[in-house]
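As the structure is a prediction and not an experimental result, all values here were calculated from the model.
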Amino acid sequence: MPDKRYWLFKSEPSAYSFDDLMNEPDGWAEWDGVRNYQARNLMRDDMKVGDGILFYHSNAKPMSVVGIASVVREGYDDSHGLDPKDDHYDPKATKENPIWSMVDIKGERALGRPVTLDEIKLNPKLKDMLLIRKGMRLSIQPVTKEEFDEVIAMGGDSAN
DNA sequence: GCCAACGTTGGC
DNA sequence: GCCAACGTTGGC
């Protein structure tokens, strides 16, 4: 996979945690409900099957990267926006133009230990991560292979 | 719980 | 097309 890319997905563990992903009965989950155009474009246009994902817990104690996941289905229509009863309903979405996209992801493995936001901020190799840029709220962010590998190394995972 | 930063909406 | 108001995110 010559052009494998790497991403960071944020999730509030009170809403959906890495354990929830690992415990999915089917082994994978729809990453639905993203309602931000920039994040949508990344999912719709740039993600490929096999891409690596750092799974980050926001609004958590501690805030940290807790596990590794991967893309198992490339961007497709997020039909949840069409359902008025769905939490992620968007009144502007139509069958002809659902507006939003999602990917499917699979939990790979937990890190040996969580890598906290504080540690990421202190690591000079990770100083350019979007995650620690002031005001950066994007829930899906690209990361470089070097950053991806560094976080895994910090988490004490030797699997790759 | 607070609030800064940011995206979106809507009046003009 | 500008921009103030508003809602949300997410660290603190």
Side-chain angles (χ1 to χ4, degrees), chain A residues 5-24 29-47 51-71 74-105 107-108 110-144 146-156:
Chain A
R5 300 193 202 196
Y6 300 89
W7 310 95
L8 180 143
F9 280 31
K10 288 184 198 171
S11 187
E12 300 199 19
S14 60
Y16 190 84
S17 70
F18 186 69
D19 281 343
D20 292 334
L21 178 61
M22 292 301 281
N23 292 327
E24 287 286 351
E30 295 179 333
W31 204 251
D32 67 298
V34 173
R35 296 292 177 264
N36 170 282
Y37 287 105
Q38 212 178 334
R40 178 206 61 182
N41 293 347
L42 292 174
M43 289 197 294
R44 187 189 61 189
D45 303 333
D46 294 330
M47 283 185 202
D51 282 1
I53 297 168
L54 297 174
F55 198 101
Y56 175 80
H57 281 172
S58 62
N59 274 324
K61 287 206 306 189
M63 288 170 284
S64 54
V65 175
V66 292
I68 307 298
S70 66
V71 176
E74 291 170 17
Y76 62 107
D77 289 341
D78 179 354
S79 56
H80 297 261
L82 301 171
D83 180 358
K85 294 186 296 299
D86 194 284
D87 284 346
H88 302 297
Y89 176 60
D90 179 353
K92 293 190 300 304
T94 63
K95 201 156 177 290
E96 293 69 32
N97 179 19
I99 303 178
W100 303 109
S101 299
M102 60 186 176
V103 295
D104 293 344
I105 70 172
E108 297 288 346
L111 292 179
R113 61 174 187 83
V115 175
T116 66
L117 180 61
D118 288 342
E119 291 177 278
I120 289 172
K121 286 178 176 172
L122 288 171
N123 187 332
K125 292 181 189 169
L126 302 177
K127 66 179 169 47
D128 293 327
M129 281 186 78
L130 295 178
L131 182 67
I132 56 177
R133 191 169 298 177
K134 188 174 172 57
M136 171 50 72
R137 301 182 314 182
L138 202 56
S139 63
I140 291 175
Q141 307 174 353
V143 300
T144 66
E146 289 71 26
E147 290 162 349
F148 186 84
D149 290 343
E150 179 65 14
V151 171
I152 292 174
M154 292 166 75

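Ring centroid separation for the pair Trp7(A) and Phe55(A) does not come in under the 6.0 Å cut-off.
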Exercise for the section: For side-chain contact (heavy atoms from CB on, under 4.5 Å), just list the numbers for Met154(A) and Leu126(A), CA-CA rounded to whole Å, side-chain angles, deciding distance to a tenth of an Å, and then say yes or no. Expected result: CA-CA 11 Å; Met154(A) 292 166 75; Leu126(A) 302 177; 3.7 Å; yes
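The shortest side-chain heavy-atom distance between Ile68(A) and Leu111(A) falls under the 4.5 Å cut-off.
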Practice task
Scan nucleotides 3-11 of chain B nucleotide by nucleotide, 5' to 3', and note B when protein non-hydrogen atoms come under 4.0 Å of the base, S if they reach only the sugar-phosphate, - if neither.
Solution key: --BBSSS--
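Between Lys121(A) and dC12(C) there is a side-chain N or O to OP1 or OP2 distance below 4.0 Å.
Partner of Met63(A) under the side-chain contact (heavy atoms from CB on, under 4.5 Å) criterion, out of Leu117(A), Leu131(A), Asp118(A): Leu117(A) alone.
Partners of Asp77(A) by salt bridge (charged side-chain N to carboxylate O under 4.0 Å, His left out), not counting sequence neighbours: none found.
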